[in-house]
Each structure stands twice: as structure tokens, then as C-alpha cells.
Amino acid sequence: MKEDLSLKDGSKIAIIGGGPAGSFFAHFAQKWIARKGIDVSTTIFDGKDFLQRGPRGCNLCAGVIAESLNEKLKEEGIFLPEERIINRVEGYCLHVNNNNLLLSCAENDKNSIATVFRGNGPRYSTFPEIISFDDFLLTWVQDRGTKVIPQPVWEIQLPKKKNNPISLLHGKKESPNEFEADLVVGAFGVNTYLMKKMQNLGFGYSPASTLMIYQAEIKLDREKVLENFGNTIHVYMPKSKAIRYATVIPKGDYITITLIGHKDATKDFLQEFLNLEEIKKKIPLFKPQCFCYPRIVVSPSKKPFTDRLMMIGDASFSRHYKNGIESAFITAQLAAETAFGTGIGTSSFSHSYYKQAKKLIIKDNYYGQFLFSINDMISSIPLLTQSHLSLANRKTNKGSSRKLRLILWNMFTGNIPYKDIFKIALDIRLQTSILFNTMSLLFQKFKYAIEKFDLSSTDARSTWSSKK
Ligand SMILES: Cc1cc2nc3c(=O)[nH]c(=O)nc-3n(C[C@H](O)[C@H](O)[C@H](O)COP(=O)(O)OP(=O)(O)OC[C@H]3O[C@@H](n4cnc5c(N)ncnc54)[C@H](O)[C@@H]3O)c2cc1C
């Protein structure tokens, strides 16, 4: 499909946001520019300095780099340097109702999962080298020809005629500079006023719905981190009306705590988490030096495009609760493919970019939401938790036990599409094993209750007869 609006020699692309989505788009754009041999410039605008420590330099994220993303990066020739990787995590440990399940990388034929800091480390940290993940990506594309303007964009003005460029106002708010672009790529995430501005442009964009999360980095010292958490990401599903999931991620001397609630997080979340019996002995009760309340995408944006303008990354769609950075990679790749291969008008974006993103992310998220709801239901009923975890914990690498571990592994690492996980969950032998295991546990509980009742009534009878 060809249409009138397209990129040609002399075209200018403005990318708003230098987080993963913006840098990945610049990377793919550079590849297309070289492949097509056209003279198109790419400019990223971002007022954030990733060399700063604490929330000022950070894009507020837990910093787990999924194995699947790592593989995609390698295919693109992007190798994350060792000094930017804080930990190599060896697996996940799930904690539900005092039951634990360890899911290891080795069992799943994966080497390890990397953890990073998005900015240059927590507030007041002292690392001898630059460690920021976002800085690495931004520098990568800058070194390959993308211009970076370290300023925020304040306004976007759509042209009256579609053949004219879009105008951006950037720099100082009181005396902004103007930049005219043939294509504007909105990679500004969901923690910005720009979402509302974009919606107010009136072309039909409705931003992604979000949930506020609580996140903190706590310094414990490396030995303490290893002693209490090992090289494992811990996922807690506590019995709590407020907290739905809590994760503790080891990162060198630090741990990153991420608390996801049923509703927007409040400052009480941390207190409640630190007061959990299993956490009390591992993390001291003090106020973290570095914490934030970022927003996570929970449902996709609507119509994230119009002529010459498209949104990518969190500003468009992201995978349900997992691997947002990988979603940024996928949307950036699809967006560049459309812009260079098809066109930069509404119909190209709708028929190519949106259609593919819908299939890969939006539709798959329905399966994800369903799987996480089932997981919530199972973890809220002790008998079901016990039957699932006891089956998964069986020391066998075959059959239903292995399948159940595979489901949980992929749900928590996000390594394969939710649809594929759903298919594994439908396996009839697995469901039969879960049913039998649950019945057997139920039977044991009844037997125990009857024995206890018998015992206490015998005691009562003997006490009564001795009294007589
Ligand atoms: C608590 C939490 C934990 C998470 N953990 C993980 C995880 O472990 N692994 C994972 O893969 N994903 C995780 N995610 C999701 C991940 O953070 C996002 O999906 C990812 O950062 C999206 O990338 P992005 O580039 O679209 O947006 P962002 O990373 O938010 O980047 C947007 C950029 O746009 C810039 N910007 C904003 N407004 C303007 C403006 N007006 N002008 C110029 N620039 C602007 C910002 O400064 C920022 O640099 C987590 C999210 C949350 C909230």
C-alpha cells in the first residue's frame, strides 16, 4: 500500500522522549535510512539527564531486562556492556500464603536475567562508572547519527494542511524554540503532561489507562542482599486488601522493591509490606532514600496516530504488567517499518503499524489479564494455592509438574506471548492432575479434621466417665 505522505530526501523526524522507545525508534530509523539510501535526519528531545542519580535521572522502573529482549538486542548488534548490568539474576521465587516455589533460569535453559538501573543509580549512590541503561541506549543512537536536544517539548501544533510539517515548541517554556518535523514520534511514556496535550489536539488520541505503583531502592550491602534474597527475584502475593504483588529485586548493594496494588499505590504500601512476617526479618524498617510513584500501563491508548504523528512505547501500548521495555522495542520497530516502508499518513499507521501492534500486544493482553486474574483467584484460596504449589514443587522435570512451572515461569518472566501460556494451561492432563491434587488435599484435610474430632470426643468421653 502506497500513499501520498512519505519520507523523502531532506525529511526531518522529531522523536519526543529519549527513553527506550525513543532510542529504539532512532536505531531502527537509522537502519532504514542506510538501507534506502535517503537523507533523513532524526532528532530526539528529552529534558531528562540520565546521568543524574535518583528519580531526576531515572525513568522509574524496576529495571529487569527480559531474556527475550536481551536476545532481540543481540540480534540488532546492541550488546549491553557488563558495567551497566548490576546483577545477573538466576531465577524467580514465588511466595504465596507461606508456600514458596523457586523457578530457575537453568531449568528453563536460560543463562540469566539482567537487572539494571535506568538512571545513574539510586539517590546518594556512588558508582565508579556510568551505569544508566537509558543513557547507554541514547548514547548508542547519538553515536550513530541521531541528534539529541536535551530539552523538553511543551507544545505540538498540527498543520492545517496535511502536506505541511508539524511544529514543536521546545526549550524554555517562556521563550520556546520551534522545530518543524515531517514526522513526529511520541515516545514520551505515561509520566508526563504531554499525554493530555496530545489528547487535546483532538485527532482521537486517548492515552493509555495507568495505575500508580510504589517503588523504592534500599541499600542493604551486598552480603545482606545475597544472604536474604540470593540472586533471585522474589515475587510476593500477600494476603492484603491493598497490595496485589510485591517484588524484591537484588541489585548489588541494593534491593528494588516494587509494590503493585489493586488501586493506586499510597505511602502506606511500604509500611504494610515491611510489616509482613516473612519480610520483617530481612528488610529493616526504615524510610528508603530513593522512592517514587510511577505509573504503569494497564490498558492501551486509543488511536495513537494521525497524519505525520504516531505514538510508540508506553504512550501507545505495552504488555500487561511485563516487559515494558520490550514492548517499547516492538512498537518502535513496527513504527519505523511503517514510516519508512509504507508511509507517514493516518491510513499507513492504521493499516500497518496499529494492525500489527494490535495482534502482538493488545489482543495478547486479553489472555494476560485473564491469566493474572486466575492467578489472583488461586492465590486467594489457600487450598488452591497449596494444590498448585505442591504440584509444581514435585521434584520431577516432566509431566504436569513441569508444565505448571513452565506456565508460572513464562507469566513472571514474560518470555513468551500470553496466548501461548494460555494454550499450555488448557492441557487436559495438567488440569486433571490439578483436580486430583486438590481432591487429595481436600480428603486429607477432612481426614485430619475427623481424626481430631474423634480424638477430642474420646477425650471428652473419658473425662466424663472418670468424673462419673
Ligand atoms: C514500577 C514499574 C516497574 C517497571 N519494571 C519494568 C521492568 O522491570 N522491566 C521492563 O521491561 N519494564 C518495566 N516497566 C515498564 C517500563 O518502565 C516502560 O514500559 C518503559 O520505560 C517504556 O519506555 P518508553 O520509552 O515508552 O517510556 P519512558 O521510559 O517513560 O520514557 C519516556 C521518556 O520521554 C521523556 N519525556 C516525557 N515528556 C517529555 C516531553 N514533554 N518532552 C521531551 N521528552 C519527554 C521522559 O523524560 C522519558 O525519558 C516498569 C514500569 C513501572 C511503572
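Remember, it's 1-based here, ligands and their atoms both numbered in the order they're listed.
- Only side-chain heavy atoms of T192 come within less than 4.0 Å of ligand 1; its backbone N, CA, C and O stay farther off.
- Contacts between W154 and ligand 1, counted as non-hydrogen atom pairs separated by less than 4.0 Å, are absent for every part of the residue.
- No side-chain heavy atom of V89 sits under 4.5 Å from any side-chain heavy atom of N231.
- In terms of N/O distances under 3.5 Å, ligand 1 is approached by G324.
- Interface atoms of ligand 1 facing K48, defined by a heavy-atom separation under 4.0 Å, are 47 (O).
- Between A328 and ligand 1, a contact under 3.5 Å exists for no N or O pair.
- In summary, the atoms of ligand 1 found under 4.0 Å from a heavy atom of G63, numbered by their order in the structure, are 7 (C), 8 (O).
- Of all atoms in ligand 1, numbered sequentially from 1 with element shown, those under 4.0 Å from a heavy atom of R295 are 53 (C).
- Within a 6.0 Å radius of OH in Y366, no more than 12 heavy atoms belonging to other residues, nucleotides or ligands are found.
- When non-hydrogen atoms are compared, ligand 1 lies under 4.0 Å from the side chain of R118 (C-beta onward) but not from its backbone.
- By the criterion of a heavy-atom distance under 4.0 Å, the side chain of F50, and not its backbone, is placed next to ligand 1.
- The N/O atoms of I296, backbone and side chain alike, include none that comes under 3.5 Å of an N/O atom in ligand 1.
- Of all the listed residues (S23, A21, C61, G414), A21 holds the heavy atom that lies closest to atom 24 (P) of ligand 1.
- Each of the atoms 25 (O), 31 (O), 33 (C), 49 (O) of ligand 1 lies under 4.0 Å from some heavy atom of G19.
- Using a non-hydrogen distance threshold of 4.0 Å, A315 does not register as a contact of ligand 1.
- Within the 4.0 Å heavy-atom cutoff, Y193 counts among the residues contacting ligand 1.
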Residues Y214, Y293; criterion ring pair (Phe, Tyr, Trp, His ring centres under 6.0 Å); working and verdict:
CA-CA 5 Å; Y214 177 89; Y293 291 90; 5.3 Å; yes
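- Using a 4.5 Å cut-off on side-chain heavy atoms (C-beta onward), D364 and H320 make no contact.
- Taking each of N59, I15, L137 in turn, the one with a heavy atom nearest to atom 28 (P) of ligand 1 proves to be N59.
- Of all the heavy atoms of I213, the ones lying under 4.0 Å from any atom of ligand 1 belong exclusively to the side chain.
- The backbone of A187, and not its side chain, has at least one atom closer than 4.0 Å to an atom of ligand 1 (non-hydrogen atoms only; backbone = N, CA, C, O).
- For D314, heavy-atom contacts with ligand 1 shorter than 4.0 Å involve the backbone as well as the side chain.
- The backbone of L60, and not its side chain, has at least one atom closer than 4.0 Å to an atom of ligand 1 (non-hydrogen atoms only; backbone = N, CA, C, O).
- In summary, the atoms of ligand 1 found under 4.0 Å from a heavy atom of I325, numbered by their order in the structure, are 10 (C), 11 (O), 12 (N), 19 (O).
- A side-chain donor from one of E272 and S240 sits under 3.5 Å from a side-chain acceptor of the other.
- With a 6.0 Å cutoff to the six-membered ring centre and a 45° limit on the axis angle, R53 does not count as a cation-pi contact of F117.
- Ligand 1 places these atoms under 4.0 Å from at least one heavy atom of P294: 1 (C), 53 (C).
- Side chain of S327 to backbone of S318: no donor-acceptor contact under 3.5 angstrom is found.
- Put simply, the side chain of R308 gets close to the backbone of D182: a donor and an acceptor are under 3.5 Å apart.
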